[in-house]
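Structure record follows, encoded as structure tokens.
FYI, side chains are in, hydrogens and waters are out, and symmetry mates aren't considered; it's all heavy atoms of this structure.
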Amino acid sequence: MKRSISLRTQIILLMTLLVILQNIAMAMSLSFSRTFYLLDAESFRLFNNTTASRQQTLNTDLGQLVKTTAEDTRLFNLSLQKIATAYANNRLSDLVVYNEIATVGADYLIHLLQSNNISGAFFLLEPNEKHLLPSVYIRNSSPKNSYKPPESFLLEIGPISVSQKYLIPTSSYHSLNFDFSSKSFGHPELFRQPIAAAIEYPQAEIERYGFWTNPTNFLPHSQDAVYYTLPLFNINGTPIGVMGIELTLNHFSQYYLPRVDLPYQGSFYAITQMKENVLPLDWFISSNPLAQISLKNEKNLTLTPTNAAPNIYSGHLDAVGDIYLFVQPLTTYSRNSPFVKNNWSLVSFVPKETLQASSAQVRTILIISISLTTLVAFVAIFILANLST
């Protein structure tokens, strides 16, 4: 009887040890094969590729805007010089010259609105003590990629001659000229920066002077928007104003930053600036309501580099929790631009749990499977040991 009990115990202990060794071998094989790491790496790769693809599309779209705006600004500068030469004996403030500049400039603005997906186009010529120069600001109330006649636009600023020639209705806040003396104007960056660059780097290609503003509210009764502006010159090559385009934040986020290509639930895009592994979130552009909720109350988001890739970081948002961030810099400026340090970045945000959900799910399934098979094995060992002894 003692021998029978001893043999049964030995069999149970031996088989139990074999099951335990088998589970250890399986765990070690999973560890050495880096199964969970590879699953996470595939999730990282998918999301990073999606962000890079959106970055390429944005760079192409913004580059096309810069190209067409620069070309029309270059042509308008030539037209200004021709008008100044043709009316050399007249003051530029004479009504004929004034209307000539306004209507010629409006023609280029209409071309910009019809050939680009933008919400507004304008030129602002600052008067001096002797001359009153015109300014024209035209908006597209419902910008799309389709061609629109001038009658569908709105004239925010400009003489009536522009409205009459192109049949553009005036807006409810229309003014004949821009009030440069207004305290609310104060020569904002969209006006000051391109002119300062033109003075600092004379006779350079005009694209070098281009400046993108952060979201701002330029005119009263208008939505926040980003602007791209280039300088305008008189016949002597002195900058006297700017020409530019407007993209309201609603339009920018809807048409240039859609959310349909994001592969994970709870993820979102945002455009902002990155400075030394910190995202200063005093401004950002996003089409996702989740971004407005998650980033609205954040100020400076500190990013921690990861081993996954140089452009992948980890961080924490109070409204979301631990997150991963995929940062792709945008080429809003060329390398020789004086504003290259102001380049924007496209940042995609995804919750850490969401990105690692695949590996976590596989890990849970394996743990449950191993636990169940081990339990069944122990029961089978006990039964077989009793039957065999």
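By the 30° and 60° cut-offs, the orientation of the rings of Y333 relative to F339 is tilted.
Applying the side chain to side chain contact (heavy atoms under 4.5 Å, CB included) rule to N336 yields the partners E205, R208, S334; only residues at least two apart in sequence or on another chain are considered. Listed by chain and number, the residues in a salt bridge (charged side-chain N to carboxylate O under 4.0 Å, His left out) with E71 are R74 (sequence neighbours excluded). Under the side-chain hydrogen bond (donor to acceptor under 3.5 Å, both in side chains) criterion, N343 pairs with T332, sequence neighbours left out. Every residue two or more places apart in sequence or in another chain that forms a side chain to side chain contact (heavy atoms under 4.5 Å, CB included) with A198 is listed here: Y209, P231, F233, P239. In terms of the side-chain hydrogen bond (donor to acceptor under 3.5 Å, both in side chains) criterion, T57 has no residue partners (sequence neighbours excluded). Shown here are the side chain to side chain contact (heavy atoms under 4.5 Å, CB included) partners of S119, two or more places apart in sequence or in another chain: P143, E246, T248. Considering only residues two or more places apart in sequence or on other chains, E276 meets the side chain to side chain contact (heavy atoms under 4.5 Å, CB included) condition with none of them. Residues satisfying the side-chain hydrogen bond (donor to acceptor under 3.5 Å, both in side chains) test with Y228, not counting sequence neighbours, are none. Every residue two or more places apart in sequence or in another chain that forms a side-chain hydrogen bond (donor to acceptor under 3.5 Å, both in side chains) with S222 is listed here: N217.
For residues 277-301, there are no side-chain hydrogen bond (donor to acceptor under 3.5 Å, both in side chains) pairs, not counting sequence neighbours.
Remark: the backbone N or O of L125 is paired with a side-chain donor or acceptor of S135 at under 3.5 angstrom.
Other cluster members for V320: F268, M274, L279, L281, F284, L290, L295, L301, L303, Y313, L317, I323, L325, V327, V347, F349, joined by side-chain heavy-atom distances under 4.5 Å among Ile, Leu, Val, Met, Phe, Trp and Tyr. Taking a 4.5 Å side-chain heavy-atom cut-off between Ile, Leu, Val, Met, Phe, Trp and Tyr, the cluster of Y173 contains only that residue.
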